[in-house]
Enquirer: 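Take a look at this one; I'll ask things after.
Bear in mind that the values here come from a model prediction, so they are computed numbers and not experimental data. Quick note on labels: first sequence line is chain A, next is B, and so on, each numbered from 1. The figures that follow rest on heavy atoms only: side chains count, while hydrogens, waters and symmetry mates do not.
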Protein chains: 2
Amino acid sequence: MPWRDGAGAPWLHGKFKGCGYRMTMPRQIILDVLSGTADHLSAEDVYHKVHNAYPSIGLTTVYRTLELLVHIGLIYKFDFGDGRSRYELAEGSKSDRHHHHLVCTGCGRIIDYTDFIDEEIELLKKTEKGLSEKYNFKITNHLIQFYGLCDRCQNK
Amino acid sequence: MPWRDGAGAPWLHGKFKGCGYRMTMPRQIILDVLSGTADHLSAEDVYHKVHNAYPSIGLTTVYRTLELLVHIGLIYKFDFGDGRSRYELAEGSKSDRHHHHLVCTGCGRIIDYTDFIDEEIELLKKTEKGLSEKYNFKITNHLIQFYGLCDRCQNK
DNA sequence: TCTTTTTTGAAAATGATTTTCATTTTCATT
DNA sequence: AATGAAAATGAAAATCATTTTCAAAAAAGA
């Protein structure tokens, strides 16, 4: 699954070239890193992980690549309120189900949940449709997060 | 409603003192500014508006006061993805209904909507309950936002 | 291979937010 | 009203994530 041969997922080449971008080594490795974790990595997290396989990479390139991947739609960018953006693979790339986030305001822990997702999605669809019509807004995305304290943080 | 006499809303004094804080002039004026607008002001927006009534105020104090007000629960802090935090009065202070946000990724415009809110709230309650039990999470807050293009931005 | 365009990395710049610290203000007590 | 301790303030400096600049390196096409 992580395509360690250095070629990257073949179907991605097409996605990149189709958009006029080149599939380069840094881009492949950054995608590999994101594919190989279930965490919500920050740009610097990615930078450190990438560094192992490709020590010469610069933080700048990581930022640029992440921005590009968000633009192409291969990854999502999130803000969980700790001052740095977090990234995760968009579903479809991996066998990853659509989920939302539970954010602990105590320790910053993030829990992905898929419970109730179907109902949420259904309501979201309905809401999107209604809002699109009323406000003439072309909705492309949504964000749902719950904030609170995780079990550990509740006990001081 | 904006208590222009400089005393601030009387019931707020209690809220502040109850938490061990003092109700000062800068704090009153910052609250007045937030009460007097329907916009989603950034810290610097607040700073500029406050400056009229209280020219000696510093940006630092604005930041500190906003943080305090968030902590007390009088205002909410939002991130709409443009790199600066935005603040708005929590409902209850004003005759303000609970609402969610529609964010235009083209121009940054924010639309508050209350449509479908009742259904959303109902589902959120149910979801919160379920998630709280399953993950032993004490949920205090939620965030729902839709992203897309507003009517103006759709036409280039 | 040669040429053009894209991508890269290091260093510098940016910009929002936070910290530091000396001064001023508040408020419970004289 | 005066006093003194605790809290709040403001200016300047510090932080820190992210962006920009720019010259060199890598990729795609001829």
Side-chain angles (χ1 to χ4, degrees), chain A residues 6-8 12-31 33 40-51 53-72 74-75 77-87 108, chain B residues 6-8 10 12-31 33 40-48 50-51 53-72 74-75 77-87 108:
Chain A
L12 288 180
H13 271 276
K15 181 121 192 170
F16 268 75
K17 300 184 71 170
C19 298
Y21 301 111
R22 296 173 180 173
M23 176 53 95
T24 66
M25 187 68 69
R27 287 172 180 175
Q28 284 170 31
I29 297 181
I30 289 173
L31 263 171
V33 162
H40 307 81
L41 303 178
S42 68
E44 199 159 354
D45 292 337
V46 173
Y47 171 71
H48 286 308
K49 292 208 174 220
V50 165
H51 214 263
Y54 195 99
S56 72
I57 201 167
L59 183 54
T60 310
T61 297
V62 172
Y63 272 105
R64 274 191 293 231
T65 302
L66 290 171
E67 181 190 24
L68 176 65
L69 294 174
V70 168
H71 182 243
I72 291 181
L74 284 177
I75 65 176
K77 180 179 187 176
F78 288 98
D79 175 276
F80 295 129
D82 68 339
R84 57 183 62 194
S85 296
R86 308 261 164 191
Y87 301 85
Chain B
L12 288 180
H13 272 275
K15 180 118 194 173
F16 268 76
K17 300 185 73 171
C19 298
Y21 301 110
R22 296 174 179 173
M23 175 54 94
T24 64
M25 186 69 69
R27 287 172 179 175
Q28 284 170 29
I29 296 181
I30 289 173
L31 263 171
V33 162
H40 308 81
L41 303 179
S42 68
E44 199 158 355
D45 291 338
V46 172
Y47 171 70
H48 286 308
V50 164
H51 214 265
Y54 196 100
S56 72
I57 201 167
L59 183 55
T60 310
T61 297
V62 172
Y63 271 105
R64 274 191 293 232
T65 302
L66 290 172
E67 182 190 25
L68 176 64
L69 294 174
V70 169
H71 182 243
I72 291 181
L74 284 178
I75 64 176
K77 180 180 187 177
F78 289 98
D79 175 277
F80 295 129
D82 68 338
R84 56 182 62 193
S85 296
R86 307 262 163 190
Y87 302 85

Enquirer: What closest approach, in Å, do A/Tyr54 and A/Met25 show between heavy atoms, and which atom pair accounts for it?
Expert: CE1-CG, 3.1 Å

Enquirer: Which dot-bracket string fits DNA chain D when only Watson-Crick or G-U wobble pairs with both atom distances under 3.5 Å count, crossing pairs get [ ], and | stands for a partner on a different strand?
Expert: ||||||||||||||||||||||||||||||

Enquirer: Which whole-number value in Å describes the distance from B/Arg86 CZ to C/dA16 C1'?
Expert: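 One finds 12 Å between C1' of C/dA16 and CZ of B/Arg86, rounded.
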
Enquirer: Where do B/Phe80 and B/His40 land on the ring-ring contact (aromatic ring centres under 6.0 Å, His included) test, with the steps shown first?
Expert: CA-CA 10 Å; B/Phe80 295 129; B/His40 308 81; 5.7 Å; yes

Enquirer: Once you round it to whole Å, what is the distance between C1' of C/dT7 and CD1 of A/Ile72?
Expert: 14 Å

Enquirer: Please determine, for the side chain of B/Arg84, which listed nucleotide (C/dT20, C/dT17, C/dG9) has the closest atom?
Expert: C/dT17

Enquirer: Rounded to the nearest Å, what distance is computed from the CG atom of residue A/Asp82 to the P atom of nucleotide C/dT17?
Expert: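 Spelled out: CG on A/Asp82 to P on C/dT17 is 14 Å.
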
Enquirer: Could you tell me if the side chain of A/Ile57 sits less than 4.5 Å from the side chain of A/Ile29, heavy atoms only?
Expert: no

Enquirer: Check nucleotides 27-30 of chain C for protein N or O atoms closer than 3.5 Å to its own N or O atoms and list the pairs.
Expert:
{"residue": "C/dA28", "atom": "OP1", "partner": "B/Lys17", "partner atom": "NZ", "Å": "3.4"}

Enquirer: Under 4.0 Å between a side-chain N or O of B/Thr60 and OP1 or OP2 of C/dT17?
Expert: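 For B/Thr60, the contact criterion (side-chain N or O under 4.0 Å from OP1 or OP2 of C/dT17) is not met.
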
Enquirer: Atom CG in B/Leu69, atom OH in B/Tyr21: separation rounded to 0.5 Å?
Expert: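 If we round to the nearest 0.5 Å, B/Leu69:CG and B/Tyr21:OH are 10.5 Å apart.
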
Enquirer: Can you tell me if the side-chain N/O atoms of A/Thr61 get under 4.0 Å from OP1 or OP2 in C/dT7?
Expert: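 It does not, given that no N or O in the side chain of A/Thr61 lies less than 4.0 Å from OP1 or OP2 of C/dT7.
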
Enquirer: In whole angstrom, give the distance that lies between atom CG of A/Leu68 and atom C1' of C/dT8.
Expert: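 The answer, rounded to whole Å, is 13 Å.
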
Enquirer: Select from B/Gly83 and B/Arg64 the residue whose nearest nucleotide in DNA chain C is closer to the 5' end of that strand.
Expert: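 Checking each residue's closest nucleotide, the 5'-ward one belongs to B/Gly83.
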
Enquirer: Which heavy atom of B/Phe16 sits nearest to which heavy atom of B/Arg27, and what is that distance?
Expert: CE2-CD, 3.7 Å

Enquirer: Classify A/Tyr47 by what it touches in the nucleic acid, base, sugar-phosphate, or nothing, heavy-atom distance under 4.0 Å.
Expert: nothing

Enquirer: Tell me whether the side-chain N/O atoms of B/Tyr63 come closer than 4.0 Å to OP1 or OP2 in C/dT17.
Expert: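 Affirmative; the distance criterion is met.
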
Enquirer: Between A/Gly20 and B/Ala43, which residue's closest nucleotide on DNA chain C lies nearer the 5′ terminus?
Expert: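 Its nearest nucleotide lies further toward 5', so the answer is A/Gly20.
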
Enquirer: Search all heavy atoms of A/Ile72 against all heavy atoms of A/Lys15 and return the closest pair with its distance.
Expert: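 Closest heavy-atom pair between A/Ile72 and A/Lys15: CG2-CE, 3.4 Å.
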
Enquirer: Would a 4.5 Å heavy-atom cut-off, applied to side chains only, mark B/His71 and B/Glu67 as touching?
Expert: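 The answer is no, as the side chains (C-beta and beyond) never meet within the 4.5 Å cut-off.
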
Enquirer: Taking for each residue the nucleotide of DNA chain D bearing the nearest heavy atom, is the 5' side occupied by B/Ser56 or by A/Ser85?
Expert: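 Closest to the 5' end, via its nearest nucleotide, is B/Ser56.
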
Enquirer: Could you go step by step and tell me if A/Gln28 and A/Met23 meet the side-chain contact (heavy atoms from CB on, under 4.5 Å) rule?
Expert: CA-CA 7 Å; A/Gln28 284 170 31; A/Met23 176 53 95; 3.4 Å; yes

Enquirer: Tell me: CD1 of A/Ile29 to P of C/dT7, nearest whole Å?
Expert: 17 Å

Enquirer: In whole angstroms, how far is the P atom of C/dT8 from the CG atom of A/Leu59?
Expert: 14 Å

Enquirer: For a quick test of reading the model, state the closest non-hydrogen atom pair linking B/Ile30 to B/Thr61 and the distance between them.
Expert: CD1-O, 4.3 Å

Enquirer: Base, sugar-phosphate alone, or nothing: which one does A/Ser42 contact when heavy atoms must sit under 4.0 Å apart?
Expert: nothing

Enquirer: Please give, in whole Å, the distance from C/dT8 C1' to A/Glu67 CD?
Expert: 15 Å

Enquirer: So which atom in B/Arg86 and which in B/Asp45 form the shortest heavy-atom distance, rounded to 0.1 Å?
Expert: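 So the minimum-distance heavy-atom pair works out to NH1-OD2, 3.4 Å.
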
Enquirer: What is the first contacted nucleotide of DNA chain D and what is the last, in 5' to 3' order, if contact means an atom lying under 4.0 angstrom from a heavy atom of chain A?
Expert: D/dA17 to D/dA28

Enquirer: Scan A/Arg27 against the nucleic acid and name what it touches under 4.0 Å (heavy atoms): base, sugar-phosphate only, or nothing.
Expert: sugar-phosphate

Enquirer: Determine the minimum heavy-atom distance between B/Leu66 and B/Ile75, stating which atoms define it.
Expert: O-CD1, 3.6 Å

